2 protein chains.
Amino acid sequence: MTDTARGTSRRYGTRPTMKDVAARAGVGLKTVSRVVNGEPGVTPDTERRVQEAITALGFRRNDSARILRKGRTASIGLVLEDLADPFYGPLNRAVEEVARSHGALLINGSSAEDPVREQELVLALCARRVDGLVIIPAGDDHRYLEPEITAGIATVFVDRPAGQIDADAVLSDNFGGAQDAVAHLIAHGHRRIGFIGDQPRIHTARERLRGYRTAMAAAGLPVDDAWVSLGSTDPGRVRAAATAMLDAPQPVTALFAGNNRVTVTAVRVLGERPRPVALVGFDDFELADLVRPAITVVAQDPARMGRTAAGLLFRRLDGIIDPPHREEIPTRLIARGSGEIPPTED
Amino acid sequence: MTDTARGTSRRYGTRPTMKDVAARAGVGLKTVSRVVNGEPGVTPDTERRVQEAITALGFRRNDSARILRKGRTASIGLVLEDLADPFYGPLNRAVEEVARSHGALLINGSSAEDPVREQELVLALCARRVDGLVIIPAGDDHRYLEPEITAGIATVFVDRPAGQIDADAVLSDNFGGAQDAVAHLIAHGHRRIGFIGDQPRIHTARERLRGYRTAMAAAGLPVDDAWVSLGSTDPGRVRAAATAMLDAPQPVTALFAGNNRVTVTAVRVLGERPRPVALVGFDDFELADLVRPAITVVAQDPARMGRTAAGLLFRRLDGIIDPPHREEIPTRLIARGSGEIPPTED
DNA sequence: CCCCCGATTGACAACGTTGTCTAGAGGCTA
DNA sequence: TAGCCTCTAGACAACGTTGTCAATCGGGGG
């Protein structure tokens with residue numbers, strides 16, 4: 001780029017800089033910077049001249065340069081499993097609102113539940129020097145983050161804890177919620193209850209299974225291995241698991257679905273069967289009250305999780321340095337009908 | 001920051017730079033740059049020394065500086081109405097996937113359907129020098145974008161066209177889809193059909209209303225003003241509108257809901273009424289098939305819209321400069337039951 | 001034995017902004 | 001009127017990287 005192409009006749013794709021504005025307004029570079037940033041010490045007359053030049057040239061401050069100079073990017077990264085998953089919508093939005101209230105932008109991406117992709121994404125965000133990270137982890141080893149955290153990138157894990165490192169985390173009460181769900185079914189007379197959950201490498205799946213087992217044990221009920229199925233939330237897999245439990249010689253009379261995707265598939269499967277089967281799902285979802293029977297769920301509060309996580313992040317960024325902190329968000333059982341169906345024998 | 005604090009004993013919050021790596025490896029700065037970027041012309045032995053230094057220091061390239069130098073940020077901005085709205089989930093994800101395949105990150109934010117906030121957000125993204133923008137507009141005047149587009153920021157509008165400027169747009173066939181929906185109801189015997197839609201300043205709401213009116217006119221049916229209600233999608237407003245239409249002396253026998261939020265509220269209202277009322281909704285939604293009756297919808301394809309928009313964006317970024325291009329994505333009527341209910345008189 | 005060539009390497013400027021420091025103008029006090 | 005202080009303004013370096021260019025080295029051909 002030649003100097004002549006700059007300032008006088010701008011070419012397509014070239015933006016005016018403060019230098020150009022300064023030249024046009026007949027002032028120094030720093031004076032433009034002062035006007036742009038609303039710093040004091042500029043005569044009203046000078047300011048007017050600069051403003052006119054800014055408007056005439058269509059100048060817009062280059063935040064890349066500003067970031068480089070100031071060291072803070074005023075942006076935070078959010079890594080979650082799938083941007084398209086409705087469960088993460090409110091969480092995403094809540095994080096965004098908090099970021100916005102702190103003047104920060106949000107960069108986000110999906111890990112697609114792939115630890116490698118999670119790491120790539122996180123490190124790309126670190127290279128951008130985001131001020132902080134909110135991570136819904138896919139992997140279970142986050143030692144790769146240690147240098148970043150040491151270097152000052154605040155990090156908060158949500159929904160699932162970090163693996164192999166000690167970091168802030170905001171989690172649902174998965175264990176307690178699962179206990180409540182199963183206890184609810186037991187209270188309605190069920191003794192053979194199936195659990196279909198997510199892959200066991202996922203922390204929430206393990207915790208919910210633990211809640212299931214604990215509630216069953218607390219009621220003195222045995223658990224047949226055939227009643228427990230952990231794996232992908234692929235509809236085919238879930239459908240097969242549910243069908244197997246329902247067609248067994250001693251079929252389950254109730255299902256506890258480990259997350260909202262499992263619940264949706266379970267609703268479809270149960271709708272096709274003659275005999276009514278009770279169902280409680282972990283995670284609330286829109287329209288759960290419109291399905292017949294309406295679906296009883298253990299509701300999490302994803303918006304609150306997002307708000308809490310982002311709040312924690314910015315407290316850290318503001319220099320309030322505590323030891324890593326783990327926060328647990330309570331769940332709430334919402335009885336709507338499907339969980340109150342009594343057991344029926346063939 | 002003193003030079004002694006750098007390179008030898010790093011402090012918390014300070015990251016090593018290429019200069020530090022170079023010093024430690026006993027090579028020049030540019031050689032480190034070459035290794036980091038995988039450029040040719042480095043001896044295996046030198047490369048090894050540099051790699052060791054990188055690992056030892058926990059160096060990570062500062063992309064802010066890189067961006068400043070190279071002029072491309074490898075990031076695109078996505079502005080939509082609400083990150084938490086399930087309709088935008090697949091769109092968001094599709095844009096992200098395309099961005100990822102081009103090595104770009106996604107910065108996104110919600111306009112909350114507020115034109116001022118949209119503009120703030122868009123200009124903040126421009127200040128970050130995103131390479132391109134995908135915008136679901138809230139406002140109807142986008143002249144503020146003209147200098148940015150001239151400066152080379154590629155811009156694609158999705159779901160709704162830009163206002164007052166000529167820009168790429170990817171839209172659903174709102175008019176045709178609405179026509180199909182209403183014609184479907186007419187074919188099932190309805191003559192008094194209500195339309196509850198979004199605020200009239202929103203392009204899609206106007207187009208869908210136009211489709212409604214056209215279909216009615218094509219069947220030679222009059223449209224009573226009391227059958228049409230445009231406004232916010234707030235449940236209270238929608239409920240009131242639906243109730244008024246259904247309680248009128250000449251009540252409507254079918255409802256056409258202008259978007260998924262309206263549809264959901266309509267389902268709730270209709271579920272409370274003794275007399276069955278037909279319903280077709282614009283936008284598909286998860287579980288529409290599980291509600292009883294299952295909901296007939298005009299389905300859009302938000303993932304395809306996102307893919308198309310992002311594809312267009314990157315084609316522009318790759319220098320394929322066409323005149324602004326408008327693409328229309330077809331809709332598809334999915335009959336599930338609620339749209340096939342015949343008219344019933346009191 | 002000298003020269004040329006390619007390969008490797010590093011010095012230096014530039015990207016556009018902000019922090020620091022200094023210059024100069026003008027007003028006030030003694 | 002000299003001296004000091006305040007207020008405005010600009011020169012300059014720095015942020016950490018990459019592009020350009022020149023220097024150095026070793027080897028092969030004449």
Side-chain angles (χ1 to χ4, degrees), chain A residues 1-3 5-7 10 13-23 25-50 53-54 57-74 126-129 151-152, chain B residues 1-3 5-7 10 13-50 53-54 57 59-74 126-129 151-152:
Chain A
M1 180 183 311
T2 64
D3 252 328
R6 167 61 62 71
R10 279 176 296 118
T14 301
R15 303 211 55 149
T17 70
M18 284 190 179
K19 202 163 123 190
D20 302 322
V21 174
V27 301
L29 177 57
K30 180 67 208 199
T31 300
V32 177
S33 172
R34 277 192 262 263
V35 171
V36 169
N37 294 296
E39 289 169 23
V42 181
T43 305
D45 180 60
T46 309
E47 172 158 4
R48 190 185 43 73
R49 288 215 315 286
V50 172
I54 287 176
L57 295 176
F59 168 79
R60 187 104 48 213
R61 181 179 64 200
N62 184 330
D63 275 356
S64 295
R66 168 173 237 246
I67 285 166
L68 176 60
R69 186 60 233 246
K70 302 202 81 143
R72 280 249 162 155
T73 57
C126 290
R128 296 290 176 106
R129 297 294 190 268
Chain B
M1 177 182 310
T2 64
D3 251 326
R6 168 64 59 74
R10 279 175 297 118
T14 300
R15 303 210 56 148
T17 70
M18 284 191 180
K19 203 163 121 189
D20 302 323
V21 174
R24 168 137 189 164
V27 301
L29 178 56
K30 180 67 206 198
T31 299
V32 177
S33 172
R34 276 193 262 263
V35 171
V36 169
N37 293 296
E39 289 169 23
V42 180
T43 304
D45 179 59
T46 310
E47 171 159 5
R48 190 186 43 72
R49 288 215 316 285
V50 172
I54 287 175
L57 295 176
F59 167 80
R60 186 105 47 215
R61 180 179 65 199
N62 183 332
D63 275 354
S64 295
R66 167 172 237 247
I67 285 166
L68 176 61
R69 185 61 233 247
K70 302 203 78 145
R72 282 246 161 158
T73 58
C126 290
R128 296 292 175 104
R129 297 292 190 272

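The model shown is predicted, which means the values in this text are computed figures rather than measured ones. Convention: sequence-line order gives letters A, B, ...; per-chain numbering from 1.
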Residues which pass side chain to side chain donor-acceptor pair (under 3.5 Å) with B:Arg48, listed by chain and number, not counting sequence neighbours
B:Asp45, B:Glu52
Provide, to the nearest angstrom, the distance between the NZ atom belonging to B:Lys19 and the C1' atom belonging to D:dC15.
10 Å
Between C:dG19 atom P and A:Met18 atom CE, what is the distance in whole Å?
11 Å
State, to 0.1 Å, how close A:Arg15 and A:Asp20 come at their nearest heavy-atom pair, and which atoms those are.
O-OD2, 4.2 Å
Is any side-chain N or O of A:Ser33 closer than 4.0 Å to OP1 or OP2 of C:dT18?
yes
Got B:Arg129 and A:Asn62 here, is their nearest side-chain heavy-atom distance under 4.5 Å?
yes
Only one of A:Arg60, A:Arg66, A:Arg61 passes side-chain hydrogen bond (donor to acceptor under 3.5 Å, both in side chains) with A:Asp63; say which it is.
A:Arg61
Specify the separation, in whole Å, of atom NZ of B:Lys70 and atom P of D:dG16.
19 Å
Where is the tightest heavy-atom contact between B:Ser64 and A:Ile67, given as atom of each residue plus distance?
OG-CG2, 3.3 Å
Taking all heavy atoms of B:Ala53 and all of B:Arg24, pick out the closest pair and write down the distance.
CB-CG, 3.7 Å
With heavy atoms under 4.0 Å as the rule, sort A:Asn37 into base, sugar-phosphate or nothing.
sugar-phosphate
Can you find a donor-acceptor N/O pair under 3.5 angstrom joining the side chain of A:Arg69 to the base of C:dT18?
yes
Value in whole Å for how far the C1' atom of D:dT17 lies from CD of B:Glu39
11 Å
In terms of heavy-atom contacts, A:Pro16 and A:Leu57 come closest through CG-O, 3.4 Å
So, OP1 or OP2 of D:dG16: does either fall under 4.0 Å of a side-chain N or O from B:Arg15?
no
Measure the distance from CZ on B:Arg129 to P on C:dG16 and round it to the nearest whole Å.
9 Å
A:Asn62 has an atom CG; how far is it from atom P of C:dG16, in whole Å?
7 Å
For nucleotides 7-10 of chain D, which of its nitrogen or oxygen atoms have a protein nitrogen or oxygen under 3.5 Å away, and what is each distance?
from	atom 1	to	atom 2	distance (Å)
D:dT8	O3'	A:Thr43	OG1	2.9
D:dA9	OP1	A:Thr43	OG1	3.2
D:dA9	OP1	A:Thr46	OG1	2.4
D:dA9	OP2	A:Thr43	N	2.8
D:dA9	N7	A:Arg34	NH2	3.3
D:dG10	OP1	A:Gly28	N	3.3
D:dG10	OP2	A:Gly28	N	2.7
D:dG10	OP2	A:Thr31	OG1	2.5
D:dG10	O5'	A:Gly28	N	3.4
D:dG10	N7	A:Arg34	NH2	2.6
D:dG10	O6	A:Arg34	NH2	3.4

How about B:Ile54 and B:Val36: do any of their side-chain heavy atoms sit closer than 4.5 Å?
yes
Measuring only between side-chain heavy atoms, which start at C-beta, is A:Val50 closer than 4.5 Å to A:Arg34?
no
Expressed in angstrom and rounded to an integer, what is the separation of A:Leu68 atom CG from C:dA14 atom C1'?
12 Å
If an axis is fit to five pairs at each end of the helix from C:dC1-D:dG30 to C:dA30-D:dT1, what is the angle between the two, to the nearest 10°?
60°
